[in-house]
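One structure is given here, and the rest of the page talks about it.
Along the sequence shown, residues are numbered consecutively beginning with 1.
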Amino acid sequence: MPHIALTEGLPGITSAFAFRPETAKPLSELAEVLLRGPSSLTRGERETIATLVSTRNDCFFCAASHRAIAAHNLAGDYGLVDALRFDPENAPAGAKLKALLRIAGKVQQGGKNVTADDIARARGEGATDLEIHDTVLIAAAFCMYNRYVDGLATWTPTDQTAYDAMGARIARDGYISAVDAVASPAVAG
């Protein structure tokens, strides 16, 4: 049960966004830029970073929803997304992504855990400064999003098919359209 009066039936962050639409807009715009904007990292790679961080933060809603979005950006390959979020070093992926996921995992633990060696490894695997920057920012932002969702005890569906449908919609239409779909006046609290 949510800690405050959130709109019933809206899962996870969408209920918090409906409660306070004026904060939903910039938070959604940040997600749109980081996860879908122009980048040399694919949308699937960026969503996988969000999924790894959300999984390690034990935020079921964010982990399940971004897992689905990542999979829909990776030809429906849930197996690859799961391999990357649970065991990135042994997952069937390129060395650059593995190095970036290592950095994301360190940010999730605390920003000061990222070392010069982590950055050198990523650069050695071909990561650009922009890719390193965006990896750190995605990881940091998802620590915030995860705590926002769980700190309000938002309603979290357990049916994976709901996440698959949400993932397909966001992979196709983006984060701004998802917020527009739930925008409503704030609920008095």
Side-chain angles (χ1 to χ4, degrees), residues 13 26-149 163-164 166-178:
I13 204 165
L27 290 173
S28 299
E29 289 170 345
L30 177 62
E32 184 73 21
V33 168
L34 289 176
L35 300 174
R36 293 175 48 85
S39 176
S40 52
L41 295 174
T42 70
R43 289 178 179 178
E45 290 169 332
R46 291 176 280 165
E47 289 288 351
T48 299
I49 293 166
T51 304
L52 174 112
V53 170
S54 298
T55 298
R56 292 187 178 180
N57 280 331
D58 194 28
C59 181
F60 185 85
F61 175 81
C62 293
S65 56
H66 290 280
R67 173 184 178 257
I69 300 164
H72 282 280
N73 279 296
L74 295 169
D77 196 343
Y78 278 94
L80 175 59
V81 176
D82 288 343
L84 288 165
R85 75 181 177 133
F86 291 122
D87 188 11
E89 289 299 323
N90 294 307
K96 178 174 82 171
L97 179 58
K98 290 178 182 185
L100 293 172
L101 288 170
R102 180 176 176 80
I103 290 169
K106 296 264 189 108
V107 171
Q108 180 269 331
Q109 296 168 347
K112 292 181 180 178
N113 290 326
V114 178
T115 67
D117 287 343
D118 296 322
I119 302 302
R121 175 184 171 196
R123 283 189 178 128
E125 298 300 347
T128 66
D129 284 355
L130 182 61
E131 291 169 338
I132 293 166
H133 171 276
D134 287 358
T135 295
V136 169
L137 185 52
I138 292 166
F142 272 85
C143 287
M144 175 192 61
Y145 291 127
N146 299 159
R147 285 156 179 80
Y148 184 37
V149 167
Y163 293 100
D164 186 66
M166 181 188 324
R169 186 177 62 253
I170 292 174
R172 183 187 65 239
D173 301 332
Y175 290 94
I176 304 299
S177 65

Can you list everything that forms a side-chain hydrogen bond (donor to acceptor under 3.5 Å, both in side chains) with Thr55? Sequence neighbours excluded, please. Arg85
Please name all residues satisfying ring-ring contact (aromatic ring centres under 6.0 Å, His included) with Phe142, sequence neighbours left out, ordered by chain then number. His66, Tyr145
Return the minimal non-hydrogen interatomic distance between Val81 and Ala71, and the atom names on each side. CG2-N, 3.7 Å
Taking side chain to side chain contact (heavy atoms under 4.5 Å, CB included) as the test, write out the residues that go with Ala139, two or more places apart. Val53, Ala104, Val107
Partners of Ala83 by side chain to side chain contact (heavy atoms under 4.5 Å, CB included), sequence neighbours excluded? Ala91, Pro92
For Arg46, give me all partners under salt bridge (charged side-chain N to carboxylate O under 4.0 Å, His left out), at least two apart in sequence or on another chain. none
Which pairs pass salt bridge (Lys or Arg N to Asp or Glu O under 4.0 Å) with one or both residues in residues 30-41, sequence neighbours excluded? Glu32-Arg36
Please name all residues satisfying side chain to side chain contact (heavy atoms under 4.5 Å, CB included) with Ser65, sequence neighbours left out, ordered by chain then number. Phe61, Tyr163, Met166
Which of Ile49, Thr51, Asp77, Leu97 passes side chain to side chain contact (heavy atoms under 4.5 Å, CB included) with Leu84? It is Leu97
For Arg123, which residues count as a salt bridge (charged side-chain N to carboxylate O under 4.0 Å, His left out) partner, sequence neighbours excluded? Asp129
Closest approach of Ala171 to His72 (non-hydrogen atoms, all atoms of both residues): CB-CB, 3.7 Å
Side chains of Glu47 and Leu74: closer than 4.5 Å at any heavy-atom pair? no
Would you please name every residue forming a side-chain hydrogen bond (donor to acceptor under 3.5 Å, both in side chains) with Arg102, sequence neighbours left out? Asp118
Write down the atom of Gly167, the atom of Ile69, and the distance for their closest heavy-atom approach. CA-CG1, 3.5 Å
For Glu125, what residues pass the salt bridge (charged side-chain N to carboxylate O under 4.0 Å, His left out) criterion, not counting sequence neighbours? none
Can you pull out every salt bridge (Lys or Arg N to Asp or Glu O under 4.0 Å) where at least one residue sits in residues 49-66? Sequence neighbours excluded, please. none
With Arg43, which residues qualify under salt bridge (charged side-chain N to carboxylate O under 4.0 Å, His left out), at least two apart? none
